[in-house]
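For reference, the structure is listed below as structure tokens.
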Amino acid sequence: MDSNFYNQVHELVRLVPFGKVTTYGAIANALGAKGSARLVGYAMNQSHLVHPKVPAHRVVNRNGMLSGKFHFEDSNMMQSLLENEGIVIIADKIQNFKNVFWDPLQELTSI
DNA sequence: ACAATGACCCAAG
DNA sequence: TCTTGGGCCATTG
């Protein structure tokens, strides 16, 4: 969309490397919209409408829980995609979350 | 311009 | 550890 905020969220999510995940709050923080984690989630709702497509399955909440899996075409697709990247998920929660967590701030400071 | 929405986060019980 | 309630703020109708 024209909205800068959504666009920034989408671009940032696209930067998430294979086999890694990030959180809504981390994205919001990286964009300077610190308390607006909800807006990140809201932006993800539009993620399937933008191009190129956004790897929304690599974005979870701060607990590592697949909170957005019901927004996919199939409820089990999000978990399948993550498992395909080597991420272990049990009871909709990412195991060893710290190990697979990717902080978007690292990418921003890298620029 | 106002009210409602939400793929979140934090604190308290 | 799990559940509840309030706050947050851009987007949408």
Side-chain angles (χ1 to χ4, degrees):
Chain A
M1 298 293 280
D2 297 330
S3 311
N4 264 359
F5 194 86
Y6 280 20
N7 205 319
Q8 288 186 7
V9 172
H10 296 152
E11 287 189 27
L12 201 60
V13 175
R14 287 190 207 116
L15 297 178
V16 180
F18 184 92
K20 295 286 184 175
V21 298
T22 190
T23 69
Y24 301 97
I27 294 171
N29 195 359
L31 295 179
K34 201 166 182 179
S36 304
R38 312 188 70 171
L39 289 314
V40 179
Y42 210 54
M44 298 311 300
N45 203 2
Q46 304 294 316
S47 63
H48 64 104
L49 301 176
V50 302
H51 298 281
K53 194 187 170 193
V54 178
H57 61 278
R58 294 184 186 147
V59 184
V60 297
N61 68 354
R62 73 159 191 101
N63 294 315
M65 188 162 56
L66 309 186
S67 53
K69 71 174 200 171
F70 294 107
H71 289 260
F72 285 77
E73 299 177 9
D74 294 327
S75 300
N76 58 323
M77 185 167 68
M78 184 174 186
Q79 178 172 341
S80 298
L81 289 169
L82 290 172
E83 288 178 339
N84 189 38
E85 300 191 1
I87 297 175
V88 181
I89 301 174
I90 300 177
D92 296 339
K93 285 180 294 189
I94 296 179
Q95 303 303 305
N96 199 5
F97 181 58
K98 279 179 63 178
N99 194 36
V100 296
F101 175 72
W102 177 81
D103 191 349
L105 287 174
Q106 287 184 341
E107 190 67 19
L108 294 182
T109 51
S110 177
I111 303 172

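So that the names make sense, note that chain A is the first sequence line, chain B the second, and so on, each numbered from 1. On a predicted model such as this, the values are computed, not experimentally measured, just so you know.
A:N99 meets the side-chain hydrogen bond (donor to acceptor under 3.5 Å, both in side chains) test with no other residue; sequence neighbours excluded. Looking at residues two or more places apart in sequence or on another chain, you find no salt bridge (Lys or Arg N to Asp or Glu O under 4.0 Å) involving A:D103. Residues forming a salt bridge (Lys or Arg N to Asp or Glu O under 4.0 Å) with A:E11 (at least two apart in sequence, or on another chain): none. The side chain to side chain contact (heavy atoms under 4.5 Å, CB included) test applied to A:K53 returns no partner, not counting sequence neighbours.
In the hydrophobic clustering (ILVMFWY side chains linked at under 4.5 Å, chained through shared members), A:L66 is joined by A:V21, A:V60, A:F72, A:M77, A:M78, A:L81, A:L82, A:I87, A:I89, A:I94, A:F97, A:V100, A:F101.
Using a 4.0 Å cutoff on non-hydrogen atoms, no part of residues 83-101 of chain A comes near DNA chain B.
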Nucleic acid footprint by protein, nucleotides 7-13 of chain B - heavy-atom cut-off 4.0 Å, B for base, S for sugar-phosphate alone: BBSS---

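Nearest heavy-atom pair, A:P104 versus A:A26, reported as atom, atom and distance to 0.1 Å: CG-O, 3.6 Å.
The side-chain hydrogen bond (donor to acceptor under 3.5 Å, both in side chains) analysis of residues 86-98 of chain A, with sequence neighbours excluded, yields the pairs A:K69-A:D92. Within the structure, no pair that satisfies the ring pair (Phe, Tyr, Trp, His ring centres under 6.0 Å) test touches residues 13-59 of chain A, not counting sequence neighbours.
Look at NZ on A:K34: it is 19 Å from C1' on C:dA10, rounded to the nearest Å. In this structure, A:I27 places its CD1 atom 18 Å from P of C:dC9, rounding to the nearest Å.
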